[in-house]
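Here's the structure we're looking at; comments come further down.
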Amino acid sequence: MLFRSPRGTKDILPEESFLWQEVEAAARAAFALSGFQEIRTPVLEESKLFSRSLGDLTDIVQKQMFLIKKETDTFVLRPEATAAIVRAYLENTLYSLSTVSKFYYIGPMFRAERPQRGRLRQFHHIGAEAIGSYHPYLDAEIVSLATGLLGKFGLSGFTTRLNTLGCLHDKKKFGLSLKERLTPLKKSFCEDCQSRLGHNIFRLLDCKNSQCRQIILSLNLGRGHLCGECVAHFEGVQEGLALLGVVTQVDPFLVRGLDYYTRTVFEITHAALGAQDALGAGGRYDNLVEELGGPARGACGFALGVERVFLARGSAPAAPVPAAQCYVVPLGAAALKKALETAEGVRAAGISCDLDYLEGSLKAKLRRADKTGARWCFIIGDNELAKGAGILKDMKAGSQQEVAFDRLAPTIKGQGA
Ligand code: HAM
């Protein structure tokens with residue numbers, strides 16, 4: 001073996017990709033029911049799009065972007081899709097439509113993290129973004145859509161934590177007061193938090209180090225930094241969630257690692273995942289459209305990590321890869337010509353059909369046919385060529401019959417494919 005897939009990337013083989021298709025189909029159906037339409041943006045974006053949207057000092061921008069320099073431009077393999085979708089929304093002047101734009105997306109994201117269980121360098125998001133409304137019920141719908149999808153994927157036992165960061169003004173105020181209170185305690189925090197104090201103070205609130213956690217808990221941080229409108233908005237979100245019957249836990253220490261969030265943030269975790277326990281996350285980003293040069297538009301969205309969905313499901317394949325219905329077995333070169341033609345004719349009639357290309361005795365070929373799981377096996381040898389009819393074996397019933405080459409498709413159909 002000369003090559004392996006790059007560290008932190010994974011081949012999705014047919015048995016597994018079949019399950020991915022099921023998950024994706026369930027997601028597409030759920031999105032369509034809620035009025036979300038698919039958007040596909042490039043995997044390649046300008047790197048500045050993310051430094052501007054996520055924040056220059058965030059972990060993703062500082063450490064995790066796969067950069068590609070070409071002449072004077074610097075591109076990046078997108079680490080997430082929210083910023084790219086806002087970029088597309090602006091570039092295609094979708095803000096001029098007087099509706100809420102509701103997009104969904106399914107695709108790979110890239111982050112140069114240290115790979116571990118549940119943490120890859122190429123992973124996949126199923127996500128949604130609704131741009132064009134500030135209404136708190138939209139946040140509730142987004143949380144409900146995210147948790148509802150997980151249910152449709154067969155997951156239960158996850159926890160949805162919810163918080164509000166307040167508007168930009170509130171965030172600033174909170175950041176300053178945190179700095180004031182936490183700086184004198186600097187030495188008591190873990191190394192990561194000591195550096196976060198300087199540039200990413202909110203991340204101290206959700207540090208998992210037990211000593212950091214204890215200090216934060218002892219500070220009794222209230223909600224005093226929130227303005228009246230943000231308090232009312234958060235109440236509205238919770239009212240919407242109650243109307244939709246979505247259970248969440250309010251967690252005042254939940255912050256997110258991306259700067260664009262304002263007001264509502266949420267994260268869905270599952271105990272089966274271990275250290276990387278987030279199945280998905282999202283929230284409001286009311287200033288991002290303006291930040292990227294557009295008009296003022298409220299927006300809210302989420303993304304689920306598909307690999308983590310499978311990890312949490314403990315993904316034993318739920319169903320085998322569907323086999324071709326018919327497997328044609330030619331014996332010899334002349335028979336192969338007829339087999340090629342016959343298989344194509346059967347497919348044209350809407351019956352899936354595979355063809356045996358390998359050498360071997362009839363017995364070996366039949367064993368192979370059986371292994372594929374095909375219900376029907378059609379054998380063509382010299383005798384059959386001479387007669388203009390092959391032998392159709394019903395692998396389920398163990399019976400067989402002679403069938404003229406041009407009667408194969410109708411015979412299979414007549415017997416319930
Ligand atoms: P995020 O929390 O960075 O949010 O990613 C969402 C989910 O992607 C995580 O909860 C996790 O399940 C999965 N994920 C993240 N990094 C990795 C990784 N290295 N390997 C495997 N899975 C991973 C966002 O990306 C936001 N754009 C979500 C959002 C949409 N907010 C508003 N709209």
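Because only heavy atoms are used, hydrogens play no part in the values below, and waters and symmetry mates are left out as well, while side chains stay in. First listed ligand is number 1; within each ligand, the first listed atom is number 1.
Taking SG of Cys193 as the start and CZ of Arg213 as the end, the distance is 11.0 Å to the nearest 0.5 Å. Taking CG from Asn200 and CG from Asp259, the interatomic distance works out to 6.5 Å, rounded to the nearest 0.5 Å.
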Residues Tyr357, Leu336; criterion side-chain contact (heavy atoms from CB on, under 4.5 Å); working and verdict: CA-CA 8 Å; Tyr357 276 110; Leu336 180 57; 4.2 Å; yes
Leu221 vs Leu178, side-chain contact (heavy atoms from CB on, under 4.5 Å): CA-CA, chis, key distance, verdict: CA-CA 9 Å; Leu221 301 168; Leu178 275 180; 3.9 Å; yes
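Distances below 4.0 Å separate heavy atoms of Gly280 from the following atoms of ligand 1: 10 (O), 12 (O). Set against the non-hydrogen atoms of Glu113, the atoms of ligand 1 under 4.0 Å away are 16 (N), 18 (C), 19 (N). For ligand 1, the atoms lying closer than 4.0 Å to a non-hydrogen atom of Arg256 are 1 (P), 2 (O), 4 (O). Taking every heavy atom of Phe302 and a limit of under 4.0 angstrom, the matching atoms of ligand 1 come to 29 (C), 30 (C), 32 (C), 33 (N). Every atom of ligand 1 with a heavy atom of Glu80 under 4.0 Å away is listed here by number and element: 25 (O), 26 (C), 27 (N). For ligand 1 and Tyr261, the ligand atoms under 4.0 Å from any heavy atom of the residue are 26 (C), 28 (C), 29 (C), 31 (N), 32 (C). When each atom of ligand 1 is checked for a heavy atom of Ala278 under 4.0 Å away, the hits are 10 (O), 11 (C), 12 (O). Against a heavy-atom cut-off of under 4.0 Å, Glu129 is close to the following atoms of ligand 1: 30 (C), 32 (C), 33 (N).
Heavy atoms of Glu307 come nearer than 4.0 angstrom to ligand 1 in no pair at all.
Here the protein heavy atom with the shortest distance to atom 6 (C) of ligand 1 is His125 NE2, 3.3 Å. With hydrogens left out, the protein atom closest to atom 26 (C) of ligand 1 is Tyr260 OH, 3.4 Å, a heavy atom. Of all protein heavy atoms, the one closest to atom 21 (C) of ligand 1 is Gly118 O, 3.3 Å. Among all non-hydrogen protein atoms, the one lying nearest atom 18 (C) of ligand 1 is Phe123 CD2, 3.4 Å. The nearest protein atom to atom 13 (C) of ligand 1, hydrogens excluded, is given as Gly305 CA, 3.7 Å; this is a heavy-atom distance.
In this structure the side chain of Leu49 never reaches within 4.5 angstrom of the side chain of Val76, judged on heavy atoms.
Side chain of Lys171 to main chain of Tyr261: a donor-acceptor pair is present (N/O by atom type, distance under 3.5 Å, no hydrogens or angles). Side chain of Asn163 to main chain of Pro252: a donor-acceptor pair is present (N/O by atom type, distance under 3.5 Å, no hydrogens or angles). With hydrogens and angles disregarded, no donor-acceptor distance shorter than 3.5 Å links the side chain of Arg52 to the backbone of Leu292.
Annotation: Tyr260 is in aromatic contact with Tyr285 [ring centroid separation under 6.0 Å].
At least one N/O-N/O distance between Leu120 and ligand 1 falls below 3.5 Å. The shortest N or O to N or O distance between Tyr285 and ligand 1 is not below 3.5 Å. The shortest N or O to N or O distance between Leu279 and ligand 1 is below 3.5 Å.
For the 3.5 Å distance criterion, the side chains of Arg28 and Tyr104 qualify, holding a donor opposite an acceptor. Side-chain contact of Glu129 with Thr82: a donor-acceptor pair under 3.5 Å is present, judged by distance alone.
Comparing heavy-atom distances from atom 15 (C) of ligand 1 across Arg111, Gln122, Arg119, His124 singles out Arg111 as nearest.
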